[in-house]
Amino acid sequence: MWTLALKTLLEDRGKLLTALVGVVFAVVLVNVQGGLFVGLIRKASLLVDNGEADVWVGHRHMHNVDFPRDIPRRWVHRVRAVPGVAQAEPYIIGHSVMTLPDGGFEPVLVVGSDPASLLGNAWRIVEGRSDDIRKPDGVIIDVCDADKIGHPQVGDLREIGGQRARIVAQSEGILGFLVTPYVFTTLERAAGYLQKPADKCSYFVVTLVPGANAADVCRDIKQCLPEVEACTRDEYAGWSIDYWLKRTGLGISFGAATLLGLAVGLVIVAQTLYASVLDRITEYAALKAIGATDRQIFTILSSQAVAMALVGSLVGLMVVFASQSLMSNPRAPIVVPWWLSFGSVTLVLIICLAAAAAPYLRIRRVDPAMVLQS
Amino acid sequence: MPHNAPTPILVDALSKAYGRGTTITPVLRDITFTVDRGEWVFLVGPSGSGKTTLLSILGCVLSPDQGRVEVLGHDVRRLDPHAASQLRLRHMGFIFQRFHLIRGLTAQENVCVPLTLQGVPEAAARRRAAELLDAVALADHRNKNVRKLSVGQCQRVALARALVTNPDLILADEPTASLDGQHGHAAMQLLRDLTARTGATVIVVTHDPRIQSFADRVLTLENGCLCSGEQPADRPDNDDSTAADSTAADSTLSESNAAEPATRRDSELQPILSLG
Ligand SMILES: Nc1ncnc2c1ncn2[C@@H]1O[C@H](COP(=O)(O)OP(=O)(O)OP(=O)(O)O)[C@@H](O)[C@H]1O
Ligand SMILES: [Mg+2]
């Protein structure tokens with residue numbers, strides 16, 4: 001039956017190509033759109049995903065990593081006392097303004113980490129070293145933000161919150177969901193740039209001893225410090241993403257575009273399958289006259305649909321990964337997680353099977369007597 | 001096939017009309033006849049006389065309005081569509097006027113189709129199909145796309161496809177209409193050779209007087225009625241009376257067919273018979 005299905009499919013090469021284009025189109029659209037979306041939304045949890053903290057402790061109502069509220073620094077001792085905690089350090093994130101040499105200014109997001117452990121400091125350093133923030137006035141900025149802050153070189157000076165800042169290293173690709181550049185520095189210097197009282201910080205970033213259960217540790221922290229929220233890395237990443245999803249409706253617009261792509265793919269595949277069935281209607285009628293059951297006809301059609309879906313998906317995914325490696329950049333990263341590819345292929349498979357339904361129903365109505373009458 | 005096999009075809013007072021309401025057109029009226037096992041019956045008659053309709057009813061693709069029709073022991077009015085398609089698949093072979101081979105498949109794959117539908121494993125189906133293609137002298141064209149075959153070759157593929165399941169009943173609608181006289185005759189000869197040992201019953205609808213010499217009996221339909229001359233009661237056992245309306249050349253052909261030595265058939269059938 002497979003031979004029959006596939007060979008007849010291959011025979012109508014023009015139609016097959018059209019259908020494949022439809023499938024490829026749908027797969028590429030879903031994956032690239034979805035990949036852009038995932039890439040964009042993942043920026044919302046960039047600091048959480050890339051910082052080494054296993055657990056984040058912060059204000060009881062914390063909901064987005066970039067918008068924290070102060071907590072007393074001295075509580076860190078109580079966090080350190082919780083079993084399972086290997087390391088807990090205060091961490092500061094806050095908004096300030098950088099003054100540029102030409103007199104302009106740029107809002108920045110200052111990130112201050114503990115200078116000893118450097119927990120939560122910048123990563124992916126391309127110039128200088130991450131521990132250079134220990135140098136006087138040392139800050140790390142991202143090369144991708146260079147145009148916003150007057151293309152500084154390592155060693156150049158800027159002013160943040162009215163205080164001196166010297167670029168000591170540069171990272172590449174630390175771009176947040178906000179278009180505000182991140183500036184990484186030490187805890188104390190960050191407090192200075194943000195005019196934050198020395199006894200306050202934004203979070204405690206916590207690492208665990210090997211084998212400790214993050215959820216249990218969070219629960220224990222909240223028990224001994226009822227005034228704080230404590231959550232795992234994944235949880236806080238999720239909250240930060242939800243914050244933007246819910247407030248911007250981004251998901252809906254991306255989702256709608258993706259659905260539209262799927263719909264177009266469906267129409268193309270359905271239309272092609274239908275046309276090729278119409279083209280062969282007497283052959284199908286002959287098959288029915290010979291004794292093919294409806295189930296066998298369905299097997300033929302669904303094999304064709306599945307074959308188109310799989311081949312189209314394969315080509316589509318190749319296009320996706322090609323365009324990902326060509327077009328993805330820190331500004332507009334295309335992040336295609338496995339579940340997106342897998343999901344899109346599954347969806348396309350379902351769509352193709354659904355597309356086989358119309359021609360199937362058409363053949364069901366065919367009277368095998370017609371082959372004799374023609 | 002068991003000896004107590006039922007009469008292949010039994011038609012009693014069959015009527016059929018198309019359309020409904022005020023536009024009913026009767027097509028077949030009060031048709032009665034039987035066909036014996038192994039008999040070759042030709043349906044002839046003017047265009048629109050209902051030959052194809054009758055053949056469709058015998059092939060269980062159309063149901064009669066009135067009367068009793070038994071095909072291979074089954075009352076066709078009691079067959080549900082699935083049972084009917086199984087009956088066709090396992091016991092009938094169809095030869096269509098336009099062959100209706102499946103484009104894109106090779107000759108061999110086309111012949112395999114009924115076996116595939118029966119669920120015969122691919123390898124066995126291909127072997128059997130190859131044997132039949134041998135028998136219809138298409139061994140060399142086995143792997144050719146049927147698009148690339150000539151009309152005569154296509155007809156032989158269609159023949160092989162109809163015979164590949166060893167059917168008890170073969171139904172052919174204008175099997176030679178797309179062929180010239182010589183090829184038409186050859187195709188019928190081939191069909192006769194191939195069915196000689198299986199003893200299949202053959203019903204042929206035809207306009208073609210040149211092949212009527214192959215018939216054991218000719219039924220003439222006119223305006224939906226069987227002409228009395230060919231009622232089963234006075235079925236001629238000799239070919240002469242039916243061949244009377246064909247040309248002189250054909251009647252000599254028919255005689256030579258009848259006198260054809262069995263040895264030649266046997267040699268052509270060797271591959272099929274080896275199947276057991
Ligand atoms: N599906 C149908 N609906 C309505 N009328 C039909 C249908 N099929 C056939 N007819 C009519 O029934 C009559 C008999 O048709 P049928 O095809 O059986 O004739 P035929 O003897 O095979 O003719 P031909 O020699 O031209 O093939 C014709 O008048 C035809 O127009
Ligand atoms: Mg006809």
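Here is how names work: the chains are called A, B, and so on, in the same order as the sequence lines, proteins then strands, and each is numbered from 1. Here the structure is a predicted model, which is why all the values come from computation and not from measurement.
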Stepwise side-chain hydrogen bond (donor to acceptor under 3.5 Å, both in side chains) check, A:Gln271 with A:Thr18: CA-CA 10 Å; A:Gln271 141 73 24; A:Thr18 321; over 6 Å; no
Atom CZ of B:Arg147: over 12 foreign heavy atoms under 6.0 Å: yes
A:Ser344 and A:Asn31 side chains, donor-acceptor separation under 3.5 Å: yes
Toward chain A, the part of B:Glu174 with a non-hydrogen atom under 4.5 Å: neither
Segment of A:Arg280 engaging chain B (4.5 angstrom heavy-atom cut-off): both
Atom group of B:Ile102 that falls short of 4.5 Å from chain A, counting heavy atoms: both
Pairs where residues 102-111 of chain B contributes a residue and the test salt bridge (Lys or Arg N to Asp or Glu O under 4.0 Å) is met, not counting sequence neighbours: A:Lys7-B:Glu109, A:Glu283-B:Arg103
Any side-chain donor near an acceptor of the partner, B:Tyr18 and B:Thr23, under 3.5 Å: no
Contact winner vs chain B - A:Thr3, A:Ile290, A:Asp294, heavy-atom pairs under 4.5 Å: A:Ile290
A:Asp367 versus chain B, the contacting section by heavy-atom distance below 4.5 Å: side chain
When A:Ala289, A:Pro368, A:Ala292 are compared by non-hydrogen pairs under 4.5 Å with chain B, the top option: A:Ala289
Interface moiety of A:Leu287 toward chain B, non-hydrogen atoms closer than 4.5 Å: both
